[in-house]
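Convention: sequence-line order gives letters A, B, ...; per-chain numbering from 1.
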2 protein chains.
Amino acid sequence: MNPNVFDDSRITAVGLLFEVHAGLSARFAAQMEEHGLSPVEFEVLTRLTRSPDNQLRMTDLAAQTSLSTSGVTRVVDRMERDGLIVRRACASDRRSSFAVVTPAGLRRLDECLPGHLQLIEDWFTGQLDPPALNALLDGLRQVRDAVHPCATAGSGDPATGPENAKSTDC
Amino acid sequence: MNPNVFDDSRITAVGLLFEVHAGLSARFAAQMEEHGLSPVEFEVLTRLTRSPDNQLRMTDLAAQTSLSTSGVTRVVDRMERDGLIVRRACASDRRSSFAVVTPAGLRRLDECLPGHLQLIEDWFTGQLDPPALNALLDGLRQVRDAVHPCATAGSGDPATGPENAKSTDC
DNA sequence: AAGCAACTATACCCTCGACAATATTCCACG
DNA sequence: CGTGGAATATTGTCGAGGGTATAGTTGCTT
């Protein structure tokens, strides 16, 4: 073919983004594992804890975690076996069932969270002075609003997910 | 526990980054699949094509793709079965074997690449005006240099990987 | 020159997640 | 009121990928 197509600035740009993601992911995963949580399990725990009554329907959980419904079933199976969450039947709709965080699940998350925040600060937000960080976040936000499937685009901050609405919000 | 710990700016920051990554990944994967390539396969193909003589030792390939050696074996198996690459014995070191891109592999990559670049531009680099993009990339670079396991930190651009050195460069 | 240490690649087993199919429940429409 | 279609959750099956153990090869040390 030709002399490096791969020097294209677009390639290096995504390479950069993906490397940062990979690096952070690896460190996060290691820290979570110290607390007996996989990244998905951590994600599930945070999503549930963000939600009213620490619970969410299986489908909504799937929507918020970019996990398939069967994937959610499997994860919830594991976490229920480990006592971090339990299933609860939905009174109004007998097809649905809730996944609700147990006290043990909350405790586990509390154990994990401080270290997680520290990690973020150490390897991400703390690496830049405030103006540079803001510039970075502004750029990310703009790209996010464009690329994300269910970008609400108007809101300023939600970042990790629209909100904890009770039903399908995507 | 307490009123949202999750409004913490650090959480929203990583949420932003991860959402962007997820969004881009999904679109890239879809486009690659149109050409019969999985993301890993695309990655392997680009890494090999970046390298002299379109080949790389299995181990080096593993190092450059953050894939385990067994994972590389699997991927190479599949891609060899599909005719995209072939294994070639290494003359100088009879322990090693090379994975080398076939003409069909090159063709496949050529088919896939333009669309890929277009996607990057549409959903990432084209979403920001040049100053904002540069600010974003500068920030990412800085974080990358800190967080990436084998950050050379001195070089300006390599982004996606040190270089195509022949031996272990990590 | 020979044995030992280091390195490379693969085989086997495990976990994880997606897709397709299934059973149950809800809703809309005739 | 009943029937067909949509939605919800679960299960079976499959592929992907990592970890460990194993076998083969090379290089170093003595």
Can you measure [X] atom [atom1] to [N] atom [atom2] for me and round it to whole angstrom units?
{"X": "Met79(B)", "N": "dA16(D)", "atom1": "CE", "atom2": "P", "value": "12 Å"}
{"X": "Met58(B)", "N": "dG18(D)", "atom1": "CE", "atom2": "P", "value": "13 Å"}
{"X": "Arg57(A)", "N": "dA7(D)", "atom1": "CZ", "atom2": "P", "value": "12 Å"}
{"X": "Arg88(B)", "N": "dA9(C)", "atom1": "CZ", "atom2": "C1'", "value": "17 Å"}
{"X": "Leu67(B)", "N": "dG19(D)", "atom1": "CG", "atom2": "P", "value": "10 Å"}
{"X": "Glu43(A)", "N": "dC16(C)", "atom1": "CD", "atom2": "P", "value": "16 Å"}

Pairing residues for [X] by the salt bridge (charged side-chain N to carboxylate O under 4.0 Å, His left out) criterion, not counting sequence neighbours:
{"X": "Glu111(B)", "answer": "none"}
{"X": "Glu121(B)", "answer": "Arg10(A)"}
{"X": "Asp53(A)", "answer": "none"}

Checklist outcome for this item: By ring pair (Phe, Tyr, Trp, His ring centres under 6.0 Å), Phe98(B) pairs with (sequence neighbours left out) none

Next on the checklist: My understanding is that only residues two or more places apart in sequence, or in another chain, count here; which of them pass side chain to side chain contact (heavy atoms under 4.5 Å, CB included) with Ala29(B)?
Outcome noted: Pro39(B)

Checklist entry - For Ala26(B), what residues pass the side chain to side chain contact (heavy atoms under 4.5 Å, CB included) criterion, not counting sequence neighbours? => result none

Checklist entry - Does the pair Asp110(A)/Arg107(A) count as a salt bridge with the N-to-O cut at 4.0 Å? => result no

Item to check | Sequence neighbours excluded - side-chain hydrogen bond (donor to acceptor under 3.5 Å, both in side chains) pairs with any residue from residues 122-136 of chain A | outcome: Gln118(A)-Asp122(A)

Checklist outcome for this item: Within residues 30-41 of chain B, the residues having a heavy atom closer than 4.0 Å to DNA chain C are none

Next on the checklist: Can you list, in residue-number order, the parts of residues 68-75 of chain A that come under 4.0 Å of DNA chain C, counting heavy atoms only?
Outcome noted: Ser68(A), Ser70(A), Gly71(A), Arg74(A), Val75(A)

Quick one: side chains of residues 79-91 of chain A, donor-acceptor pairs under 3.5 Å with protein atoms, not counting sequence neighbours, listed by atom name and distance.
| unit_1 | atom_1 | unit_2 | atom_2 | d |
| --- | --- | --- | --- | --- |
| Glu80(A) | OE1 | Arg87(A) | NE | 3.0 |
| Glu80(A) | OE2 | Arg87(A) | N | 3.0 |
| Arg87(A) | NH2 | Asp77(A) | OD1 | 2.2 |
| Arg88(A) | NE | Gln55(A) | OE1 | 3.3 |
| Arg88(A) | NH2 | Gln55(A) | OE1 | 3.3 |

Checklist entry - If you look only at pairs with a residue in residues 71-96 of chain A, which of them pass as a ring pair (Phe, Tyr, Trp, His ring centres under 6.0 Å), with sequence neighbours excluded? => result none

Item to check | Members of residues 93-102 of chain A that approach DNA chain D, where some heavy atom sits under 4.0 Å away | outcome: Arg95(A), Ser96(A), Ser97(A)

Checklist entry - Side-chain N or O of Arg78(B) less than 4.0 angstrom from OP1 or OP2 on dG17(D)? => result yes

Item to check | Earlier contact from the 5' end, DNA chain D, for Asp77(A) and Arg81(B) | outcome: Asp77(A)

Checklist entry - Within a strict 4.5 Å, meaning less than it, do heavy atoms of the Leu67(B) and Val40(B) side chains meet? => result yes

